Amino acid sequence: MALAARIAGASTFDIPVGAEAKAPARPGDAFELTVTGTGFVSGSVVVFNGQDRTTTFVNATSLKASILAADVATAGSFNVTVRNPAPGG
């Protein structure tokens with residue numbers, strides 16, 4: 001999967017991001033995605049291909065998101081973004 005991340009707020013900017021699946025992801029398999037970056041806060045949400053996903057805040061540099069089987073039913077590239085809550089997001 002190709003991954004990119006951004007934090008949306010008054011302005012949108014790209015941040016370096018890393019991501020890894022808890023288990024190898026195959027088309028049609030749900031998995032837990034770990035996103036690393038900077039500036040994450042409690043309430044940050046991982047948006048996978050335009051859809052908010054259940055997100056667990058680990059710390060300011062790490063989030064975990066539950067990616068549904070339907071999200072990856074077909075192999076391909078998926079846009080991953082992170083949205084912080086107001087006032088910064």
Side-chain angles (χ1 to χ4, degrees):
M1 283 183 268
L3 298 173
R6 60 189 164 99
I7 296 177
S11 61
T12 299
F13 54 95
D14 291 329
I15 58 169
V17 68
E20 63 181 46
K22 186 174 184 180
R26 296 176 304 199
D29 286 351
F31 64 98
E32 182 176 70
L33 179 70
T34 300
V35 177
T36 56
T38 60
F40 302 143
V41 296
S42 179
S44 292
V45 175
V46 172
V47 182
F48 188 87
N49 224 29
Q51 301 298 314
D52 290 2
R53 290 294 162 247
T54 301
T55 303
T56 302
F57 172 77
V58 177
N59 57 44
T61 61
S62 184
L63 302 171
K64 293 186 182 237
S66 298
I67 307 304
L68 307 174
D71 292 336
V72 290
T74 304
S77 296
F78 306 98
N79 189 40
V80 177
T81 59
V82 175
R83 186 179 65 251
N84 278 341

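Source: prediction; values computed, not measured.
Thr54 contributes atom OG1, which lies 9.0 Å from atom CD1 of Ile67 (distance to the nearest 0.5 angstrom). Atom CG of Asn59 and atom CZ of Phe40 lie 9.5 Å apart (nearest 0.5 Å). Going from atom CG of Asp29 over to atom CG of Leu68 covers 12.5 Å, rounded to the nearest 0.5 Å. The OG atom of Ser42 sits 10.0 Å away from the CG atom of Leu63 when rounded to the nearest 0.5 Å. Rounding to the nearest 0.5 Å gives a distance of 7.0 Å between CD of Glu32 and OG1 of Thr56.
Nearest heavy-atom pair across Ala65 and Arg53 is CB-CB, 4.5 Å. For Val41 against Pro85, the heavy-atom pair with the smallest separation is CG2-CD, 3.5 Å.
When hydrophobic clusters are built by joining Ile, Leu, Val, Met, Phe, Trp and Tyr residues whose side-chain heavy atoms come closer than 4.5 Å, directly or via intermediates, Phe57 is grouped together with Leu33. Connection of Val47 to Val35 is not established within any shared hydrophobic cluster, with ILVMFWY side chains joined at heavy-atom distances below 4.5 Å, either directly or through further cluster members.
A donor-acceptor pair is defined here as one N or O able to donate and one able to accept, closer than 3.5 Å; such a pair exists between the side chain of Asn84 and the backbone of Gly39.
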